[in-house]
Each structure stands twice: as structure tokens, then as C-alpha cells.
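Below: one structure, written as C-alpha cells.
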2 protein chains.
Amino acid sequence: MTNIEKTDEIFQHFEKYIKLSSLLRKELANRIVLKSFKKGELIHNADTICKKSYFIQKGLIRTYFIKDGKEITEYFSAENEWVNSPRSFIQQQLDIYYLDALEQSECLCLNLQDLGFLFDHFPEMERYARLSMGTVFGHYMDRITSMRFTTAKEKYQHFCETYHEIYHRIPLGMVSSYLGIAQETLSRIRAEK
Amino acid sequence: MTNIEKTDEIFQHFEKYIKLSSLLRKELANRIVLKSFKKGELIHNADTICKKSYFIQKGLIRTYFIKDGKEITEYFSAENEWVNSPRSFIQQQLDIYYLDALEQSECLCLNLQDLGFLFDHFPEMERYARLSMGTVFGHYMDRITSMRFTTAKEKYQHFCETYHEIYHRIPLGMVSSYLGIAQETLSRIRAEK
DNA sequence: CACAACTTTTGACCTACATCAAAAAATCAT
DNA sequence: ATGATTTTTTGATGTAGGTCAAAAGTTGTG
């Protein structure tokens, strides 16, 4: 099977930030591996250092950690986004985050060595990483603002807006831990209109 | 005046992430401009697109925005950190953030064109940006966790830990808006021990 | 040094949301 | 399907921390 079809979306994603030379396309395509995950499958375990980064072609992945024995959602990642355990992957150290698939998911997987090769030989890859992190950064700033100064209801509305493609695909309890509000409160909010 | 003395800290900062060639050192030193700000001085106004990035050698800078007529602190930046209006600077668009000096401050200033030149000619600068953003990213993740699941008291304790070099240099009202708690509540927390 | 302008503290009251508990509904496995 | 497990809803109650208001303390300035 040629790699051409399966790399469409990811190439488009790169080209939001940089121009892809045909050589870089080839090198990327050679290194990307398609991985499928079943619903509920654990993708990354916090007891290991994260060695892989996943570009989601289809599906929904949750990043979570354990606090007082309960799973707390850090965020959700969906189509056309990269997901990994960020600090673990970047700094190659342990971190608290687990990843699992909330739906049957298809991911393009790039491992650390291959990514390192690309960074070493294609400065535009470094640029891509820098610029795309800038985008994510902005989302984080918005989220922090939303956490600080909004009621539970506004938090939920903000969530539905930012995740409007996927919010209905996620169990209530995971949303409530993501927002930092009690599941009962979220249930009541949803009931009222 | 030669540039050598004044670039010590910033070079050290770069070298946490990359090796600086002597050529890059020279190019950096030629482009860096020392800027002083008086206490209270506005460094960046939200009505303009951010064109400069500041590395703080000495002093304390606040990033804030206006909500309902009140200044809300986004974060504080101190010695050996870069500060700018991130989305505005990276994407060259307007954003809501203002920067001002909470103390008399000395900054090494690098403007967008010069930084662009360095990114274009020194791939290791791209790498530096990517890696150092990774560090800041981790702090943001921690902060979001702290916002969601902690009492006001714990938030303040977490703040004192992460900002332990500077927390006593910051007016109470600015800390309370940073933490998203009422100034009166913070005052009571501080009183109790 | 005295008056003005902030900043912080203290007090009284109130509400949004957490917690605990149990019922209802949905999902899953045999 | 049908009982078991998981998820969501509903109800009752408690409290952390918000809001409003005023006093006390601090800092700056002519």
C-alpha cells in the first residue's frame, strides 16, 4: 500500500504553518505508521516515558491523570490534532498523563527517533513545531481565563463552543472532570435547557 | 560599550536548550537592545500588534487584560524569562494583553524582524524556541490543574511556591486576579497564619 | 509633614456549587 | 432478552468563598 492516500490530512495540517518540500513529504511518509486503537484502549501509560506522537485521523482520544483514585481529564483531542504526553515526550521524563481512545481511532504515529531525524535535517520542521505550539498556547490561555472567571454554566457553554464537533461524543463524567465541576452540577446545568 | 557583559544571562538561558555558536552569539549580541522601564510603565499596549520580545535581566513584568473595566493579571514574569504578548507576537494579530513593569526593569529587547532573521539563518534558534515553549507548556498544564481542584488557600500556596522568588514583591490585588479569587478572600487567607 | 490616593483588612451576609445518597436510565455481556 | 454494571439524574443539605461596605493601613507628593 502506498502512503499517499493516508497522509493527506497530515500534510494539509503541516502546510498551515510551513511549505512541505517533496523531499520532506517523502521522508515523513516513510516514517509515519498507521495505528488503530479500539474504543477504551490505553494508548500511553504514565508509568512509561512517552516515545510516540499521534496525529489523529479519525477518532477521539482523552488525556487524563489519576487523582485520589479518580480519572481526571486533562483534555480531549480529535481529528487533525497531535496528541502525546507533552512533557514526557519533549523532555523524555516520566509524567502523570495517560492517553486512551474514547472511540475506535486511527492515528498516524511518529516516534521520537524519526521525529528527531526530521528536526535535525529539516529546519522547517522545527519551525512547524514552534508555530503550531503557539496555536495551542493560545487555547491554553483562553482556557485558564475561562477557568478563573466563569460560572459552571459558562464553563460548560465555553466547552461546547471550543469542542463543538465532539462534545456530544464524550461521557458526562469526563466532561465534568475536564471542567473541574461536579458531575451532578453539570447534569443539572444540562437539564435546564 | 561592548555587548559582552550585558548578554551573559541570556546566553546562559539559551544554552539550557541549545549550543550557541560564536557566530550566533555575535548575531544575537548585535541585535539585542537594552531597554529600561520605570515602575508602572506600559511596555505593550493591547491596541497594537506586538513587535518586540523582552528578556528580563532585572525587574518584574505583569501581563494583564481588562475585563469589566478591571485589570486581570494573566501572569507575572521575572528575571531570566522572556515576555511578550504571545499570540500577538507569534501570529502578528491583535490580542487582549497589556504588559507593564511592576518594578524598575531592565530588558534585552529583540524585535520581530531580527528574530525572524535569526530563525531563518540559525535552525538552532527554532529548536530553542520549540524546546523552551515546551517548558512553559508544562507550567500551564500545572496551572490549569491547580485552578480546577484546589481551594483558595491551596491556590495561594501553589502560587507562593511557583513564584517564591517574587510573590512578596507583588500587590495583593494583582495576585488575587491572577488566582481568580476575591481580594478579600486572599487577605483572609494570608491573615490566618 | 499633611493631605490625597491607593491598598489591605475586617465584618456581615448570601449564593453557587460541592457532597452525600439514592433512584432512574442507559449500556453491556451472556 | 435479562440481569449486571455503569452512567446520569434528582433531592436534600452544607460550606467555601463571593459581594458589598466601611475602617485601617500604606505610599506618594507638593
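Labels below follow one simple rule: chain letters A, B, ... track the order of the sequence lines, proteins then strands, and each chain is numbered from 1.
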Where the side chain of Gln183(B) is concerned, which of dT19(D), dT9(C), dC17(C) is the nearest nucleotide? dT9(C)

Per atom distances to the Pro171(B) side chain, the nearest of dT9(D), dA18(C), dT8(C) is dT8(C)

Is the Phe76(B)-Tyr167(B) ring centre distance short of 6.0 angstrom? no

Can you tell which of dT8(D), dT19(D), dT10(D) lies closest to the side chain of Arg188(B)? dT19(D)

From the set dG17(D), dT10(D), dT9(C), return the single nucleotide nearest to any side-chain atom of Leu172(B). dT9(C)

Taking the six-membered ring for Trp, are the ring centroids of Tyr178(A) and Phe159(A) within less than 6.0 Å of each other? yes

Report yes if a donor N or O on one partner sits less than 3.5 Å from an acceptor N or O on the other, where the partners are the side chain of Glu184(A) and the base of dC20(C); otherwise report no. yes

Quick one: which of dG11(C), dG11(D), dG28(D) gets closest to the side chain of Lys39(B)? dG28(D)

Phosphate OP1/OP2 of dT9(C) contacted by Ser187(B) side-chain N/O (<4.0 Å): yes

Ala191(A) has a side chain; which of dC17(C), dT10(D), dT19(C) sits nearest to it? dT10(D)

Would you say the side chain of Leu20(B) lies within less than 4.5 Å of the side chain of Lys26(B), judging by non-hydrogen atoms? no

Walking DNA chain C from its 5' end, the first of Gly173(B) and Ile181(A) to be reached, judged by nearest nucleotide, is Gly173(B)

Step through it carefully: locate the ring centre of His139(B), locate the ring centre of Tyr140(A), and say whether they are under 6.0 Å apart. no

